[in-house]
Amino acid sequence: MPAFSTERQLLLGLLALQNGFISRDQLVAAFGLWTGDKSRALESILVDQKALDAASRDLLAALAERHLAQHNQDPAQSLAALSSVASARSQLAQLGDADLS
């Protein structure tokens with residue numbers, strides 16, 4: 001999966017939310033910026049916004065890779081397994097980005 005694919009960005013963001021690394025507002029704000037510039041990684045945006053520090057970013061990236069490994073490298077399965085998907089879905093949909101939808 002490419003480093004900045006929508007699925008990977010969603011997985012990282014939702015894992016960060018689910019694990020209490022960031023708030024829902026921080027998630028939505030970061031995705032708002034990401035939808036305007038998809039050449040940047042969501043975790044970099046979160047660090048720039050001071051929502052994550054470097055250690056948390058690295059931990060989150062490793063967690064996302066492990067989560068994918070446990071779900072046969074299938075981003076859709078990984079995303080479906082997250083309990084935070086439903087709670088964030090409507091707010092992310094309001095960003096109006098076709099990839100996120």
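- Of all the heavy atoms in Ala30 and Leu42, the pair that sits closest is CB-CD1, 3.6 Å.
- In this structure, a donor-acceptor pair under 3.5 Å is present between the side chains of Asp37 and Ser39.
- Legend: ring pair (Phe, Tyr, Trp, His ring centres under 6.0 Å) pairs involving residues 46-77, not counting sequence neighbours, sorted by first then second residue: His67-His71.
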Under 3.5 Å, side-chain donor or acceptor atoms of residues 45-54 against the rest of the protein: list the pairs with distances, not counting sequence neighbours.
unit_1 : atom_1 : unit_2 : atom_2 : d
Asp48  : OD2    : Arg40  : NH2    : 2.2
Asp53  : OD1    : Ala55  : N      : 3.3
Asp53  : OD1    : Ser56  : N      : 2.7
Asp53  : OD1    : Ser56  : OG     : 2.8

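- The side chain to side chain donor-acceptor pair (under 3.5 Å) test applied to Asn72 returns no partner, not counting sequence neighbours.
- The ring pair (Phe, Tyr, Trp, His ring centres under 6.0 Å) contacts involving residues 38-58 comprise nothing, where partners must be two or more places apart or lie in separate chains.
- We find the OG-CH2 distance between Ser44 and Trp34 to be 13.0 Å, quoted to the nearest 0.5 Å.
- Within the 4.5 Å cutoff, the side chain of Glu43 has heavy atoms near those of the Gln9 side chain.
- Atom CG of Leu17 and atom CG of Leu27 lie 5.5 Å apart (nearest 0.5 Å).
- For residues 56-75, the salt bridge (Lys or Arg N to Asp or Glu O under 4.0 Å) pairs, not counting sequence neighbours, are Arg8-Glu65.
- Residues passing the side-chain contact (heavy atoms from CB on, under 4.5 Å) test with Asn19 are Leu15, Phe21, Leu63, sequence neighbours excluded.
- Ser78 OG to Leu14 CG: the interatomic distance, rounded to the nearest 0.5 Å, is 11.0 Å.
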